[in-house]
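One structure is given below, encoded as C-alpha cells.
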Amino acid sequence: MSSKTRVLFVYPNERQMSVIPPAIAIMSQLLKDNGHVTGLFDTSFYEFEDNISVGDSDKQQTESLQARPITDKDDDDLHFSKINTDPAADLRKKITEFSPDLLAVSCTETTFLRGLRLISKTRDMGIRNIFGGVFPTFAPQLVMNYEVVDMCCVGDGENAIIDLADCLSRGEDHSDVTNLWVRKKNGTIKKNPLTKPVDINQLPTITDIGLFGDRRFYRPMGGKIRRLLPVETHRGCPYTCSFCNSPSQNRLYAGNGNFFRKKSMDLVKQEIEQHINIWKAEYIFFWADTFLAWSPKEFDEFCEMYQDIKLPFWCQTRIETISEYKFKKLKDVGLNRITFGMEHGNEDFRRDVVKRNYTNKSAIELMKIPEELDITFSVNNIIGFPGENRDLAFDTIELNRHFKSDDCSCSTLIPFAGTEIRQIAESQNLIKSDQICTISNATEEGILDMPQWRKKEVAKLRNTFAMYVKFPKNRWPEIKKAETDREVHSKLTAEFIDTFWSEPEEDLREAAKGLF
C-alpha cells in the first residue's frame with residue numbers, strides 16, 4: 001500500500017438538486033492537506049430514466065410556479081447541458097483512471113439508493129466504500145443492511161475520513177475508527193462510538209471547491225443564472241421543527257458537545273474572498289438552516305465584515321428572526337434575495353405538529369418589514385403533514401395571501417429518517433420503519449397516502465398552490481379546474497408568469513418554459 005490513500009468521492013446528486021455541498025469540498029481539502037489524493041464523480045448533470053429517479057427538481061418547481069423560469073437558452077446549454085451516457089459505466093471508467101483505494105459516497109435519504117446502485121455496479125472492481133451524510137447518520141442500520149456497503153459514517157465526517165485514510169495508507173486495521181460502522185470480514189458490523197462534534201473553526205478556509213469543476217458554479221436564482229458559490233456560516237440549527245433532522249442531530253450529540261456551531265466571522269470572510277479571488281464568484285449562497293441564528297453582536301460583526309464585499313447574496317431564515325434593524329443593514333451590505341420558512345398557516349397545527357410557535361398576526365406584521373424595504377423574498381411552505389387535510393392546507397394559502405412574496409414554494413412533506421415527523425408517520429402506520437424515501441419534497445407526489453387526504457390530491461394542490469395564493473379569489477373555481485385539467489393549468493401558468501413575474505425583456509427574458 002502506498003503512503004497516500006486515493007479517495008474518490010461519489011456524489012449521487014439528481015439533476016440540480018443541490019448547489020456544491022461544502023462538506024465534500026472541506027473533506028477533500030483536509031485529505032489533501034494530510035497528504036492524500038482525491039477525485040470526484042458527480043452525477044448532477046446526468047439524465048436518469050429509471051424507477052428511483054426524482055427528476056429535475058428545478059424544472060418541477062418551475063412547472064408548479066415555485067421558481068422563476070429561465071429563458072437564456074445560451075446559458076442553459078452552456079452550463080446545464082445533460083449527460084446522456086450510462087453513469088455506472090462512466091464511474092467504472094473513472095475508477096480505472098483514478099485507481100482509488102476508497103469510494104466515499106455522500107448521500108441524503110433521497111439519493112442513497114442512487115449511490116447504492118452505482119456502487120453495486122462497480123463491486124467487482126474490489127474497491128472498498130464508505131457511505132456518509134445525513135441518511136447514514138440517522139439510519140445506519142438500514143444502510144448496513146445492504147451487503148455492498150462496507151462502512152458508514154454516523155455524524156460529522158471530517159475527522160473520521162482522515163483517520164480512515166491514514167489507516168488505509170499505513171495498511172493498518174481501520175475497524176476502530178470513531179463514528180464508523182464497519183463491516184468486518186466475517187460479516188459482523190463493528191459499531192464505533194461517536195466523538196465530539198468537529199470544531200468548524202479549525203477547518204480549512206481554503207476548501208477544494210474546484211474539485212467540482214467550473215460548470216457546477218452556476219445555478220438559477222431569481223430567474224437569472226448566477227455564478228454562485230456556497231459559504232457555510234452555521235452547522236445545525238437551534239430550533240426544533242418536526243420535519244427537520246437538526247433537532248435529532250442535537251440529541252445525537254447530547255452529552256458529547258453541541259452540534260449547533262457558528263463559524264467565526266474571520267473565517268467566513270476568508271472563504272468568501274477565496275471564492276471571489278480564485279473562483280470569480282459573482283453571488284454568495286449562505287449555507288445555514290437559519291442565517292439569523294446569531295446574537296446581536298455576531299450579526300453586527302457579519303454586516304461590518306460584509307460591507308466591503310457587497311457581493312449579492314441569498315440566505316434563509318425564520319419569520320420570527322425578522323427585525324427592521326437587521327433587514328435595513330442586510331439590504332445595505334448586499335442582500336439580494338431571502339427565503340423565509342413559514343411551513344404552515346394554521347396556528348394550532350403549526351405549534352402542535354410542525355413545532356413552530358408564533359401567531360399569524362405577528363407573522364403578518366413582521367413580513368411587512370421586508371415588503372416596505374423592497375427586499376425580494378420567497379416563503380417556504382409544506383403540505384401533506386400527517387393528520388393534515390385540504391382545509392388545513394388552505395389555512396397556509398390564506399396566510400400566504402397576506403405576503404407580497406416574489407414566489408411561494410410548496411413542498412410535499414417527506415418524512416425523512418431522523419425527524420420527529422417520521423416517528424409520527426410511523427406511529428400512524430403511514431410509512432414502514434424500514435422504508436427509504438427515494439423522492440424529494442420537490443417532486444409532484446409525496447409518500448404519505450392518508451385516508452383523509454390521498455397523496456394524489458395533495459399533489460394537485462401543490463401544483464396549483466401559487467395560483468391560489470396570487471390570483472384573486474374569484475379565480476379560485478378556475479384554479480380548481482386546473483388541478484385536474486392540464487390545458488387549464490397551462491393557460492393559468494402562462495397568465496401567472498406574465499402577471500407576477502413580468503420583467504423588462506433585456507433583464508430576465510422570462511417566459512413559460514421549464515428549466516434545462
Side-chain angles (χ1 to χ4, degrees), residues 9-14 17-19 21-24 26-27 41-44 48 51-55 57 102-120 129-158 160-161 164 179-183 189 191-192 194 197-198 235-237 241-253 259 287 289 411-426 431-443 446-448:
F9 287 98
V10 179
Y11 188 48
N13 186 41
E14 294 280 354
M17 278 182 61
S18 175
V19 298
I24 293 178
I26 290 171
M27 285 190 281
F41 184 78
D42 180 5
T43 68
S44 294
F48 292 107
N51 62 335
I52 63 172
S53 176
V54 305
S57 62
L102 178 69
L103 299 175
V105 185
S106 179
C107 62
T108 62
E109 185 165 354
T110 299
T111 61
F112 169 66
L113 291 183
R114 167 74 58 222
L116 190 74
R117 181 170 294 186
L118 287 171
I119 292 300
S120 65
N129 63 71
I130 180 171
F131 280 68
V134 65
F135 182 57
T137 291
F138 291 110
Q141 192 65 55
L142 284 180
V143 171
M144 297 303 292
N145 278 344
Y146 292 88
E147 293 186 358
V148 299
V149 178
D150 295 323
M151 293 168 277
C152 76
C153 179
V154 177
D156 286 340
E158 286 91 344
I161 195 73
L164 176 60
N179 288 38
L180 299 191
W181 286 29
V182 181
R183 192 183 308 279
I189 298 173
K191 304 174 183 179
N192 294 313
L194 200 68
V198 169
R235 188 173 297 189
C237 181
C241 302
S242 64
F243 58 87
C244 179
N245 57 54
S246 284
S248 295
Q249 294 273 24
N250 294 332
R251 289 190 291 270
L252 180 69
Y253 279 96
F259 182 77
W287 189 285
D289 289 347
S411 297
T412 305
L413 187 280
I414 305 296
F416 291 119
T419 63
E420 182 180 344
I421 210 71
R422 174 58 175 253
Q423 298 174 3
I424 294 173
E426 289 181 12
I431 189 171
K432 295 180 180 179
S433 60
D434 61 351
Q435 183 173 344
I436 298 174
C437 298
T438 59
I439 65 174
S440 76
N441 54 16
T443 52
I447 287 177
L448 303 184

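Nothing fancy with the numbering, it's 1 onward along the sequence.
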Quick one: [atom1] on [X] to [atom2] on [Y], what's the gap to the nearest 0.5 Å?
X: Leu413; Y: Leu448; atom1: CG; atom2: CG; result: 6.0 Å
X: Cys241; Y: Glu420; atom1: SG; atom2: CD; result: 10.0 Å
X: Arg117; Y: Thr111; atom1: CZ; atom2: OG1; result: 13.5 Å
X: Met151; Y: Arg183; atom1: CE; atom2: CZ; result: 10.5 Å
X: Trp181; Y: Phe131; atom1: CH2; atom2: CZ; result: 15.5 Å
X: Leu180; Y: Ile189; atom1: CG; atom2: CD1; result: 12.5 Å

Please step through side-chain contact (heavy atoms from CB on, under 4.5 Å) for the pair Thr110 and Ile414, ending with a clear verdict. CA-CA 10 Å; Thr110 299; Ile414 305 296; 5.8 Å; no
Begin with the C-alpha distance, continue with both residues' side-chain angles, and end with the deciding distance and a verdict on side-chain contact (heavy atoms from CB on, under 4.5 Å) for Trp287 and Val19. CA-CA 10 Å; Trp287 189 285; Val19 298; 3.3 Å; yes
Without swapping roles, check the side chain of [X] against the backbone of [Y] for a donor-acceptor pair under 3.5 Å.
X: Asn129; Y: Leu102; answer: no
X: Glu109; Y: Cys437; answer: yes
X: Asn179; Y: Val154; answer: yes
X: Arg114; Y: Asn13; answer: no

Tell me whether the rings of Phe259 and Tyr253 are parallel (<30°), tilted (30 to 60°) or perpendicular (>60°). parallel
With Ala23 via side-chain contact (heavy atoms from CB on, under 4.5 Å) - residues at least two apart: Met27
Please name all residues satisfying side-chain contact (heavy atoms from CB on, under 4.5 Å) with Thr419, sequence neighbours left out, ordered by chain then number. Asn245, Phe416, Ile421, Arg422
Run the salt bridge (Lys or Arg N to Asp or Glu O under 4.0 Å) test against Asp289 and tell me which residues pass, sequence neighbours left out. none
Contacts of Arg235 that satisfy salt bridge (Lys or Arg N to Asp or Glu O under 4.0 Å) - sequence neighbours left out: Asp156, Glu158, Glu232
Restricting to non-hydrogen atoms, name the atom on [X] and the atom on [Y] that form the minimum distance, rounded to 0.1 Å.
X: Gly133; Y: Thr137; value: O-OG1, 2.9 Å
X: Pro136; Y: Cys152; value: CB-CB, 4.1 Å
X: Phe135; Y: Ile436; value: CZ-CG1, 3.9 Å
X: Pro12; Y: Leu118; value: CB-CD1, 4.5 Å
X: Ser120; Y: Val148; value: CB-CG1, 4.3 Å

According to salt bridge (charged side-chain N to carboxylate O under 4.0 Å, His left out), does anything in residues 130-150 pair up with another residue at least two apart or in another chain? List the pairs. Arg123-Asp150
Ring-ring centroid check Phe41 Tyr11, cutoff 6.0 Å: no
Are Ile24 and Asp42 packed together at the side-chain level, in the sense that at least one heavy-atom pair is separated by less than 4.5 angstrom? no
Do Ile130 and Cys153 have side chains that approach each other closer than 4.5 Å (heavy atoms only, starting at C-beta)? yes
Please list, chain by chain and in numerical order, all residues satisfying side chain to side chain donor-acceptor pair (under 3.5 Å) with Ser248, sequence neighbours excluded. Arg251
Walk me through it: do Phe9 and Leu103 pass the test side-chain contact (heavy atoms from CB on, under 4.5 Å)? CA-CA 6 Å; Phe9 287 98; Leu103 299 175; over 6 Å; no
